[in-house]
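For clarity, every value in this text was computed on a predicted model and none was experimentally measured.
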Amino acid sequence: TVGGRLRYVSCLRFTPHESDGSYGVQQERAIVYVDGRLDHVVEKPADICAGAAYAPFPDLEKLTR
């Protein structure tokens with residue numbers, strides 16, 4: 001709780017799929033939720049996500065376009 005508001009952070013690490021079929025450079029984002037609502041996305045979350053334990057997301061891997 002920060003300032004009486006509940007705050008959650010999700011750290012994401014992904015490799016974007018480019019329009020030519022190749023994969024880009026691996027990226028990382030922190031998604032910040034305040035009181036259960038998306039508040040903002042941090043594009044360079046070095047300190048926020050330091051030490052985060054990442055795991056595959058099998059349902060996401062199964063998605064197709």
Side-chain angles (χ1 to χ4, degrees):
T1 305
V2 177
R5 299 172 77 189
L6 193 57
R7 182 176 292 187
Y8 291 93
V9 176
S10 296
C11 293
L12 303 173
R13 184 178 288 160
F14 61 97
T15 305
H17 196 187
E18 304 295 340
S19 59
D20 66 359
S22 66
Y23 286 92
V25 177
Q26 188 176 57
Q27 298 180 22
E28 188 174 55
R29 300 284 188 273
I31 313 302
V32 181
Y33 300 88
V34 177
D35 291 335
R37 294 180 180 231
L38 175 67
D39 187 63
H40 64 279
V41 176
V42 180
E43 291 194 22
K44 295 184 181 181
D47 293 338
I48 297 170
C49 294
Y54 292 95
F57 187 15
D59 293 338
L60 186 61
E61 292 175 346
K62 294 176 190 175
L63 291 177
T64 60
R65 286 186 172 210

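In terms of heavy-atom proximity, H17 sits nearest to G21 at NE2-O, 3.1 Å.
Transitive grouping of hydrophobic side chains (ILVMFWY, heavy atoms separated by less than 4.5 Å) keeps F14 and Y23 in distinct clusters.
A disulfide bond (SG atoms under 2.5 Å apart) check over residues 4-64, counting only residues at least two apart or in different chains, returns the pairs C11-C49.
For D20, the side-chain contact (heavy atoms from CB on, under 4.5 Å) criterion is met by E18, S22, not counting sequence neighbours.
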For residues 25-41, tabulate all N or O donor-acceptor pairs below 3.5 Å that involve a side-chain atom, not counting sequence neighbours.
{"residue": "Q27", "atom": "OE1", "partner": "R29", "partner atom": "NH1", "Å": "3.4"}
{"residue": "Q27", "atom": "OE1", "partner": "R29", "partner atom": "NH2", "Å": "2.8"}
{"residue": "E28", "atom": "OE2", "partner": "R13", "partner atom": "NH2", "Å": "3.3"}
{"residue": "E28", "atom": "OE2", "partner": "Y54", "partner atom": "OH", "Å": "2.3"}
{"residue": "D35", "atom": "OD1", "partner": "L6", "partner atom": "N", "Å": "3.0"}
{"residue": "D35", "atom": "OD2", "partner": "R5", "partner atom": "NE", "Å": "3.4"}

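Other residues, nucleotides and ligands contribute at most 12 non-hydrogen atoms within 6.0 Å of the CG atom of D47.
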